[in-house]
Amino acid sequence: MSFFDNIRNFKNRLDRVDSAVTTGKPSLLEVYEINAKLEAEIEIRTRELDRANRQMLTLQHIWDMMNSSKPLSSVLNAIVNSLRGELGYMYSFIVNEKADNDGKYLQIVASSRDDLDEKFFKKFNCNITDFRMKFPDLKELKDTIEKNQIYQSTNLLELIQGFMPELEVEKLKEFIKDSNMKSYILVPLTSKQTHFGSLVVYSSRESVSGSELNFLSLFAKQIELSITIADLFQAVKEQAITDGMTGLYNRRYFEEFIKKEATRADRQNQKFTVIGLDLDHLKQINDVYGHNYGDIAIKAIAEVLKNNARSIDIAARLGGEEFNLLLPGVDSAGGCIAAERIRKAIEAVELEKIGHITASLGVATYLEHSDDISELLEITDRAMYESKRNGRNRVTIAKPASETSWQEVAVNTFVDILSKHRIPIEDATSKLLVQKLQEMNINNEKLYQVADTLVSTYNPEHISGGVKQKVELAVSLAKRFDLSKDAIDKLKIAILLYDIGNTMLPREILQKKEPLSEEDKASIKQHPVIAAREILKPISNVVDVLPIIEKHHENWNGTGYPERLAGEAIPVESQIILIVDAYFALLENRPYREAMSKDEALELIKQEGNRKWSEKLALEFIGIVRNDAD
């Protein structure tokens with residue numbers, strides 16, 4: 001082939017290549033355009049995925065908070081903060097619909113933590129959360145809330161001005177502009193099928209996507225579930241601290257609150273007063289009209305207390321017909337005025353069939369009558385009981401604790417027993433207890449602690465605090481039988497000392513698992529006599545208490561010991577000790593049996609009516625225990 005032929009062939013190949021390239025240009029451009037679209041789509045999907053992840057994190061955060069048992073306010077605040085932190089909203093808050101004597105209003109119950117609050121304060125010299133907000137008079141907004149639908153708008157001025165019409169318009173316009181807010185979203189919230197309030201979200205964007213609104217709808221459902229769960233927790237909490245019959249606080253809550261109030265009073269050197277109240281003639285009402293009417297009378301007392309108490313006062317039903325009202329910051333003079341007002345209000349109540357009811361009241365003031373809580377409650381109780389003894393339907397102010405002497409008698413008795421080694425206690429323990437008694441300022445709690453320690457030396461199953469529970473239960477029972485103040489004081493001392501004779505018995509008998517021999521039984525039957533005649537008789541302070549202790553194992557049917565007394569021949573104080581001691585013994589483990597439940601113990605107490613104790617005593621005892629449990 002010639003040179004020109006080669007050139008010609010090469011040119012032809014070039015032409016074919018050029019034709020191929022020219023023909024393929026449209027295909028390459030299409031590929032480039034498709035790739036560009038794919039990259040844009042990937043970027044959009046990535047952003048959507050990122051938003052979805054943040055939404056999932058937010059919902060997970062809410063779920064974690066819902067399962068934390070935290071107060072509703074903490075849960076709601078965490079929720080609104082998660083909206084800002086994870087979804088980029090500028091500001092969000094939850095308003096709750098409330099009502100009072102002045103009508104309905106809205107109040108912010110949770111808000112996100114950011115600088116918008118600070119900007120608001122600088123602009124208007126007040127906090128946004130302090131406002132008693134009105135509901136915006138916007139028809140579209142009201143309609144969407146009634147339909148439980150989400151509402152979105154860019155008219156921020158209209159919304160905020162509707163919430164807080166007292167704000168200056170020009171300042172409000174400046175605030176909105178400076179805050180860079182462009183729109184808001186309002187999401188209605190319901191709880192128990194009623195309108196709870198709304199979630200309000202401020203955004204820097206003028207429009208929102210459909211997926212964002214769907215998320216906020218789901219978000220609202222989670223908030224509503226949080227409110228429901230928190231309400232359930234609150235209901236359970238209230239049941240634990242509330243008396244089921246009256247709706248007042250129960251004894252447990254009152255005892256916890258008065259400790260906190262005493263700490264505050266000590267710190268601020270501010271007095272508070274306790275009013276003790278006891279419904280008169282409840283037993284007569286129950287006997288004549290039935291227990292339902294007795295309950296009606298108790299509820300009527302509770303209503304009087306609710307209507308006459310301030311918002312800071314604490315009214316509690318202690319059990320049965322007994323109530324306490326704590327008045328923070330009130331001295332004895334103010335307490336007497338409040339007690340007299342309550343007495344008159346109760347006297348004015350007229351109930352169906354029953355007619356008018358009355359109550360006996362006692363008043364005592366912390367840092368005036370006593371600086372010890374237990375002592376304060378005790379002298380309040382005494383003052384109330386004095387009102388009963390003097391004719392009922394009256395107010396009695398307590399005497400200062402310095403005039404109260406039963407604790408001093410008990411302390412001196414324990415010191416005498418321990419320091420003179422009247423019982424076989426280790427020297428180190430004896431000296432420690434004597435030191436504790438001598439150093440204390442006649443303090444009931446420490447007195448009970450010493451008694452608990454002594455009981456534990458012969459009863460390893462004894463529960464700490466058991467002596468105090470026995471004293472309180474015995475006193476409640478004594479009041480049902482109208483014992484005098486002096487008789488109740490002797491009963492308290494007897495409760496502390498009645499079993500001290502057990503310290504003289506051989507440990508192997510007390511802890512024996514096998515049935516006791518007749519010789520063992522004879523030894524045990526001597527413990528009341530040992531306590532009364534050998535340990536306590538030489539101590540002049542407690543001579544009047546000895547008959548109570550000596551006879552506390554006499555049975556109602558005459559089968560007890562040591563004298564086989566029966567019926568009314570047994571002092572009622574001794575019978576009270578017997579039934580209280582038996583009840584607490586049944587609740588404790590013994591070498592020969594396991595502890596009983598409360599219901600099992602009370603059933604046995606009932607069965608022993610008219611055998612170990614009178615049936616009347618058993619029924620009163622069971623009623624007191626069940627009321628305290630309620």
Side-chain angles (χ1 to χ4, degrees), residues 413 451 455 458-459 466-467 469-471 473-484 486-505 509-510 515-537 539 542-588 590 601-622 624-625:
T413 302
V455 175
Y458 58 82
N459 178 12
V467 171
Q469 293 177 38
K470 288 181 180 180
V471 170
L473 192 50
V475 170
S476 295
L477 195 53
K479 290 177 184 175
R480 296 291 179 95
F481 289 84
D482 283 341
L483 267 65
S484 67
D486 185 55
I488 291 177
D489 283 351
K490 290 176 183 177
L491 176 61
K492 291 174 184 175
I493 297 169
I495 288 283
L496 296 176
L497 300 170
Y498 75 93
D499 248 1
I500 203 164
N502 280 337
T503 59
M504 308 291 284
L505 296 177
I509 293 180
L510 294 174
L516 297 177
S517 65
E518 292 302 318
E519 185 179 352
D520 294 336
K521 292 178 182 178
S523 296
I524 286 180
K525 288 180 179 181
Q526 287 300 306
H527 90 270
V529 178
I530 294 171
R533 298 178 185 175
E534 296 184 23
I535 300 174
L536 299 174
K537 190 174 182 179
I539 306 172
V542 290
V543 171
D544 293 341
V545 179
L546 299 186
I548 301 174
I549 295 175
E550 195 169 5
K551 296 176 175 62
H552 82 271
H553 271 295
E554 299 288 359
N555 292 338
W556 189 255
N557 64 2
T559 60
Y561 56 88
E563 299 178 21
R564 300 181 70 83
L565 299 178
E568 301 294 341
I570 307 170
V572 65
E573 297 93 331
S574 300
Q575 278 269 284
I576 289 173
I577 292 177
L578 177 63
I579 197 169
V580 169
D581 177 65
Y583 174 68
F584 280 92
L586 291 171
L587 298 180
E588 293 176 349
R590 287 289 187 264
L602 290 179
E603 180 59 31
L604 192 56
I605 293 289
K606 183 179 180 180
Q607 291 174 12
E608 294 290 350
N610 284 336
R611 285 187 285 187
K612 283 194 170 184
W613 34 71
S614 70
E615 185 176 14
K616 179 182 179 182
L617 185 71
L619 294 176
E620 293 288 356
F621 179 86
I622 292 168
I624 290 171
V625 173

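If you read the sequence from its start, that first residue is 1, and numbering goes on from there.
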Pairwise distance OG(Ser476) to CZ(Phe621) - rounded to 0.5 angstrom: 10.0 Å
Check: Gln575 side chain, Ser614 main-chain N or O, donor-acceptor pair, under 3.5 Å: yes
Nearest atoms (heavy-atom pairs only) where Glu563 meets Glu550: OE2-OE2, 4.4 Å
Geometric class of the Tyr561/His553 ring pair [parallel <30°, tilted 30-60°, perpendicular >60°]: parallel
Within-4.5 Å side-chain heavy-atom neighbours: Val580 and Val471: no
Any Lys551 side-chain heavy atom under 4.5 Å of Pro562 side chain: no
Shortest non-hydrogen separation from Ala474 to Leu491 and the atoms involved: O-CD2, 3.7 Å
Heavy-atom pair of closest approach, residues Ile548 and Lys490: CD1-CB, 4.1 Å
Any Glu620 side-chain heavy atom under 4.5 Å of Leu477 side chain: yes
Donor-acceptor pair between Thr559 and Asn557 side chains, under 3.5 angstrom: yes
Between CD1 on residue Ile488 and CG on residue Asp482, distance to nearest 0.5 Å: 9.0 Å
Minimum heavy-atom distance Lys492-Val475, with the two atoms named: CE-CG2, 3.6 Å
Nearest-0.5 Å distance, CD of residue Glu568 to CH2 of residue Trp556: 4.0 Å
Euclidean distance, Ile605 CD1 relative to Leu586 CG, rounded to 0.5 Å: 6.0 Å
CG on Asp486 to CG on Asp544, rounded to 0.5 Å: 7.5 Å
Candidate list Ile576, Ile577, Ile570, Ile495, test side-chain contact (heavy atoms from CB on, under 4.5 Å), partner His552, passing option: Ile577
Arg611/Glu608 ion pair, N-O < 4.0 Å: yes
Least distance between heavy atoms, Pro547 atom then Ser574 atom: O-OG, 3.9 Å
pair Ile579-Tyr583: side-chain heavy atoms closer than 4.5 Å: no
CG on Leu619 to CZ on Arg480, rounded to 0.5 Å: 11.0 Å
